[in-house]
There are 2 protein chains.
Amino acid sequence: MSTKGVLLQHVDNKPLREKILDTLREAIVSGDFKPGHPLLENDLAAQLGVSRAPLREAFQILASEGLVETIPYKGTIVRHLSRQDIEELYTLRCVLEQFAIRRVIAAGHIEDVATLRGIYEEMLAAAVQGNLKAVNEIDRHFHDTLIALSQHHLLTETWSTVTLRVRQVMALRNRRNSDLTQIAYNHVPIIEAVARGSESEAMDLIEKHVVTSLDLIVELWDDGAEASTEETAP
Amino acid sequence: MSTKGVLLQHVDNKPLREKILDTLREAIVSGDFKPGHPLLENDLAAQLGVSRAPLREAFQILASEGLVETIPYKGTIVRHLSRQDIEELYTLRCVLEQFAIRRVIAAGHIEDVATLRGIYEEMLAAAVQGNLKAVNEIDRHFHDTLIALSQHHLLTETWSTVTLRVRQVMALRNRRNSDLTQIAYNHVPIIEAVARGSESEAMDLIEKHVVTSLDLIVELWDDGAEASTEETAP
DNA sequence: CGTTTGTCTACTGTCGACAATTGACGTATA
DNA sequence: TATACGTCAATTGTCGACAGTAGACAAACG
């Protein structure tokens with residue numbers, strides 16, 4: 001007989017490398033670990049209370065994601081972010097998002113639009129409350145959802161590594177965007193273009209959306225000292 | 001005094017994980033290790049004459065590249081390739097290549113076109129000699145070069161993992177394409193579209209180029225048994 | 001019988017110890 | 001004094017041994 005009705009949480013038996021990975025990834029994309037920051041294996045292992053083996057396995061994954069850089073026999077550091085890196089990040093992001101939208105429009109599921117509208121409502125609510133952090137999270141969620149709706153796993157995977165680094169850039173950015181409701185409003189034309197199925201219009205809007213964010217960041221990006229951790233807005 | 005004039009090879013002191021990585025990657029994309037093939041750590045370590053630590057580090061990278069799949073406490077296998085996977089591979093590939101071409105055209109360096117023409121000449125030469133393997137390699141080189149000319153590192157990185165898996169698909173494909181010169185000819189209109197700077201035309205050509213290859217493969221792809229290793233053509 | 005529980009085994013996960021490499025610093029030598 | 005050459009400490013790379021897990025199969029139980 002099985003233990004009916006009683007529902008229990010799964011005990012957490014993820015391998016250490018995955019827990020370590022989550023921890024380090026968060027530290028990097030949140031800007032806690034700044035570009036150039038050395039990741040010493042002994043120190044980190046001691047700090048996290050693990051041995052170096054799973055730590056090193058996590059390093060390989062972080063390196064594949066482009067978050068860190070390992071030079072053999074020298075060490076691993078958080079990757080530097082040049083102006084060019086950021087431009088590449090945003091231009092590729094744009095291409096991926098445009099591709100996703102084309103697929104969403106082509107699929108033509110009306111409920112997709114409803115999903116996006118729902119997220120927009122949340123974002124607007126958070127914006128009028130002046131909750132910057134929430135707006136940021138919901139904005140990320142909006143774009144992640146757009147990608148997910150494309151029903152393209154490979155795209156989704158590629159997207160997730162790109163956005164990780166975009167998050168990092170935003171966390172390191174040295175100025176804060178203020179007009180939260182405007183950020184929310186910006187999403188309306190995109191949703192409506194998808195709703196109407198007007199592909200070329202949606203393409204232009206995404207491009208503008210992304211290029212604007214890029215300009216805001218690159219404008220005053222200091223290639224030498226990528227730093228200053230404040231909450232910033234998309 | 002330095003040892004003038006005498007030029008010596010660098011001794012190979014790459015970390016083991018990288019050598020292992022190259023070996024395993026080649027085995028997978030060449031179709032030697034077929035989808036579903038289990039990668040047992042003890043066996044492989046013994047076979048390669050290394051310990052499990054660097055082997056496992058290589059596994060993490062292969063997993064990030066989408067070539068293998070690791071299930072915690074169960075094991076690592078070469079990833080299965082469903083029809084949908086292949087479709088996603090080729091559609092994303094198409095998007096990336098289109099993006100690259102847009103950038104090459106926008107940059108407008110005349111020498112880029114010359115580079116591409118040069119590679120085409122090589123391909124044609126190999127084709128008339130009926131050298132299937134060479135045509136395949138040069139075809140890959142053509143597309144890799146196109147990406148490289150875009151001067152977009154992030155795109156280049158993304159591309160390289162996608163094409164790895166495309167190579168794998170071609171290696172596993174169960175029929176051989178015969179008309180080699182036709183394959184070479186197919187590249188002419190693309191080069192000329194780039195030369196004339198006609199973006200929309202180039203976009204269409206790439207799309208057709210890729211969709212055709214995709215159809216040829218998906219047409220008779222057996223989702224159950226991804227197999228039969230023969231040389232195949234693009 | 002069918003279900004549960006114990007046991008065994010092949011494998012992955014983790015650890016601590018040791019080897020190899022690097023770069024810095026000091027030292028000899030012309 | 002400038003160049004080459006030991007030497008050393010810090011760090012990464014590699015290894016072998018042990019711990020933990022999942023799945024299969026057998027034994028106990030109703």
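Within every chain, numbering begins at 1; the chains are lettered A, B, ... in the order of the sequence lines, protein sequences first and strands thereafter.
Where Thr76(A) and Val50(B) each meet DNA chain D at their nearest nucleotide, the meeting point lying more 5' is that of Thr76(A). Between Arg52(A) and Lys14(A), it is Lys14(A) whose nearest contact on DNA chain C lies nearer the 5' terminus. Both Asn13(A) and Pro15(B) sit near DNA chain D, but only Pro15(B) has its closest nucleotide nearer the 5' end. For the pair Leu40(B) and Pro54(A), nearest-nucleotide mapping onto DNA chain C gives the more 5' position to Leu40(B).
Between Trp221(A) and Leu81(A), the closest heavy-atom pair is NE1-O, 3.1 Å.
In this structure, CG of Leu16(A) is placed 10 Å from C1' of dC15(C), rounded to the nearest angstrom. Taking atom CD of Glu57(A) as the reference point, atom P of dC15(C) lies 11 Å away to the nearest angstrom. Taking atom CD of residue Glu69(B) and atom P of nucleotide dT12(C), one finds them 15 Å apart after rounding to whole Å. The separation between Ile20(A) atom CD1 and dC15(C) atom C1' is 12 Å, rounded to whole Å. If you measure from atom CD of Glu18(B) to atom P of dT12(D), you get 15 Å, rounded to the nearest angstrom. In this structure, CG of Leu55(A) is placed 13 Å from C1' of dT11(D), rounded to the nearest angstrom. Rounded to an integer number of Å, the gap from Tyr73(A) OH to dG23(C) P is 13 Å. Across the protein-nucleic acid pair, Glu41(A) atom CD and dG16(C) atom P stand 15 Å apart, rounded to whole Å.
Between the side chains of Thr91(A) and His152(B), at least one donor-acceptor pair of N or O atoms lies under 3.5 Å. In summary, the side chains of Asp139(B) and His187(B) do present a donor paired with an acceptor at a separation below 3.5 Å, with no hydrogens or angles considered. For the 3.5 Å distance criterion, the side chains of Asp85(B) and Ser82(B) qualify, holding a donor opposite an acceptor.
Contact annotation for Leu39(B): backbone-only contact, meaning every heavy-atom pair under 4.0 Å involves sugar-phosphate atoms and none involves a base. Here Arg17(A) lies in heavy-atom contact (under 4.0 Å) with sugar-phosphate atoms only. Among the protein residues, Arg56(B) comes within range of the nucleic acid bases, having at least one heavy atom under 4.0 Å from a base atom.
Checking the phosphate oxygens (OP1, OP2) of dT14(D), no side-chain nitrogen or oxygen of Ser51(B) falls inside 4.0 Å. Under 4.0 angstrom from either OP1 or OP2 of dG23(D) there lies at least one side-chain N or O belonging to Lys74(B).
Environment of NZ in Lys74(A): sparse, with no more than 12 heavy atoms of neighbouring residues, nucleotides or ligands closer than 6.0 Å.
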